[in-house]
Amino acid sequence: MIQLFNVIKNYGSGKPALDDVSIKIEKGEFVFLTGPSGAGKTTILKILFGWEHYEEGQVLVQGINVGRLDAGNIHTLRRSMGVIFQDYKLLPNKTVFENVAFAQEVTNRDRKKIKFKTWEALKNVGLTPKKDSFPAQLSGGEQQRVAIARAMVNTPPIILADEPTGNLDQEISSEILKLFEEINRNGATIVFATHSQEILKPGKHRVIVLNRGKVVSS
Amino acid sequence: MNSATQTLLTSLRTTVSNIRANKQTFLISVMTIAISVGILGLFLIIFFNLNALLTSWNQQVQLVVYLKNDISPSEKSDLKDIFKSNSKIQSMEEVSKEKAWEEFKLTQKNSVGLELDLGFNPLPDSYKIRFKASENRSRHISEFAGQLQKNRGVESVEYGEKWIDRFEKFMIFCQLFLLGVGVLLSLGLILIISNTIRLSIYSRQDEIELMLLIGATPSFVKIPFIFEGILQGLAGSFVSLGFMGAVYSYLKTEFRPSIDSLARGMELQFISQPFLLMLVGLSILIGFVASYISTYQYMQVLNKR
Ligand SMILES: Nc1ncnc2c1ncn2[C@@H]1O[C@H](COP(=O)(O)OP(=O)(O)OP(=O)(O)O)[C@@H](O)[C@H]1O
Ligand SMILES: [Mg+2]
């Protein structure tokens, strides 16, 4: 499903951000990506959805060679993924509802179903009461949940989540984790980057530990 | 609703909201187009009217062949044969010296108010020849006149003055001038409009980046901006048409007498329909090219990262 072979990523300043990283994630797996700040978690996710290039190695996602994609066809890769960005990337001039609907509009989903699916996704993250608020009117955790709803709304086969619980308290965090587990039970592959030991504690899922751009254990 | 129409509708809605968000820039663009196309249109109006004037003058050009007094009947019939064998001649009128003299006296009386009586007729017999309209009629007339001149029995030939020829050359210059002005204005407009579209794009940069990150196709991102450019061109050309129409009807009423004195019965011409369509088409094309360039450049920048 997802494979990285000896990937080297250098942002251009001294030490590489990823140094010979090889990872294999099976279809339907739930994987935590963890490690200290600056370890390279976000970098791996960015490479997986084709936002960053890499200098060496190979990356395969659902049989697609990511390095071979260009601006003209990268959307095929991205449509198979729901991404929760570490900085959320919500559009400030759109309401919560519009932000979630937007992900369906730009990928040309069936217009008739957009309202319904948006509503469902907001319900899943418990944000229906806030659907007409603008991002600036929400708390950090609420914004994060909008980002989660937007990533789930197209029911993609792969979910890449970059610190999706970073701003949530214990209780909501475990709610959100349950949500991801449910999506995972429905067949989605989940890559969940976090440095919260709390979330890893139950030990239900595989954990890949990174440090300074290298895989320490997987 | 199939997915193509859905894309189209979504794009149009995005275009409208882009325009709403940048109303002022949009209006400035439209006015810039309107003024430039309007200038081009005014030149076209002038050109069309000079052309109409030329045609009307040209129609009046005739070749007058004055005969020698001692022309023999056989020379006369030779001349007539030459006329008959020339397929470009439309009509030929034989004017006897008596008839010409009567006509001359009449015009003298009408214009100067003075009855001429010389006691003899100084005018020769003549032929008035009109030519069919054709591409190089004036050149043909002058060639034919030169040929007749060599004929014995022909005293002299007279035809439309040299300046009609010069006027025609001037019209060719006008065409080149119009073409030049058109090309320059178009290039200028493309620069200006691609800049406003660029502004529009940069004001939505975050949104565009997000769209691409969550799987929008490049064309999905580009199309609304291309629509915006086309709309600017369309709106600009309509405003300019209104502007040209107003100027035209003003000139038409204001200058009717002087135009009538230049060429009897001639009306001030507006730009002909094909050229009107061309102006609208040109504006749309300019809008399209400009927005295409700026979206293309923007995508190139994104791809380099
Ligand atoms: N755009 C960039 N330009 C230059 N260096 C970068 C860039 N993005 C990340 N880096 C560097 O690459 C390394 C890995 O960064 P990355 O964002 O992948 O870490 P992370 O594991 O996600 O950390 P965190 O837990 O703080 O989010 C860091 O040393 C960082 O400074
Ligand atoms: Mg990170």
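No experiment lies behind these values; they were computed from the predicted model shown. So you know, we letter chains A, B, ... as the sequences are listed, proteins then strands, and number each from 1.
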**OP:** Please say whether more than 12 non-hydrogen atoms of neighbouring residues, nucleotides or ligands are located less than 6.0 Å from NZ in A:K15.
**Re:** yes
Original post:
Are there more than 12 heavy atoms of other residues, nucleotides or ligands under 6.0 Å from atom CZ of B:R198?
Top reply: yes
**OP:** Using a 4.5 Å cut-off on heavy atoms from C-beta on, say whether the side chain of A:E105 contacts that of B:R13.
**Re:** yes
Original post:
Is it the case that more than 12 heavy atoms not belonging to A:H195 sit under 6.0 Å from its NE2 atom?
Top reply: no
Subject >> Flag if over 12 foreign heavy atoms under 6.0 Å of CG, B:N195 >> reply: yes
Subject >> B:F47 CZ: over 12 foreign heavy atoms closer than 6.0 Å >> reply: yes
Original post:
Where along residues 213-225 of chain B does a heavy atom come under 4.5 Å of chain A, listed by residue number?
Top reply: B:L213, B:I214, B:G215, B:A216, B:T217, B:P218, B:F220
**OP:** For A:S139, check side chain to side chain donor-acceptor pair (under 3.5 Å) against everything at least two apart and list the hits.
**Re:** A:E142
Subject >> Result of checking A:L90, A:L91, A:V106 against B:L210 for side-chain contact (heavy atoms from CB on, under 4.5 Å) >> reply: A:L91
Subject >> A:F134 atom CZ, neighbour heavy-atom count above 12 within 6.0 Å >> reply: yes
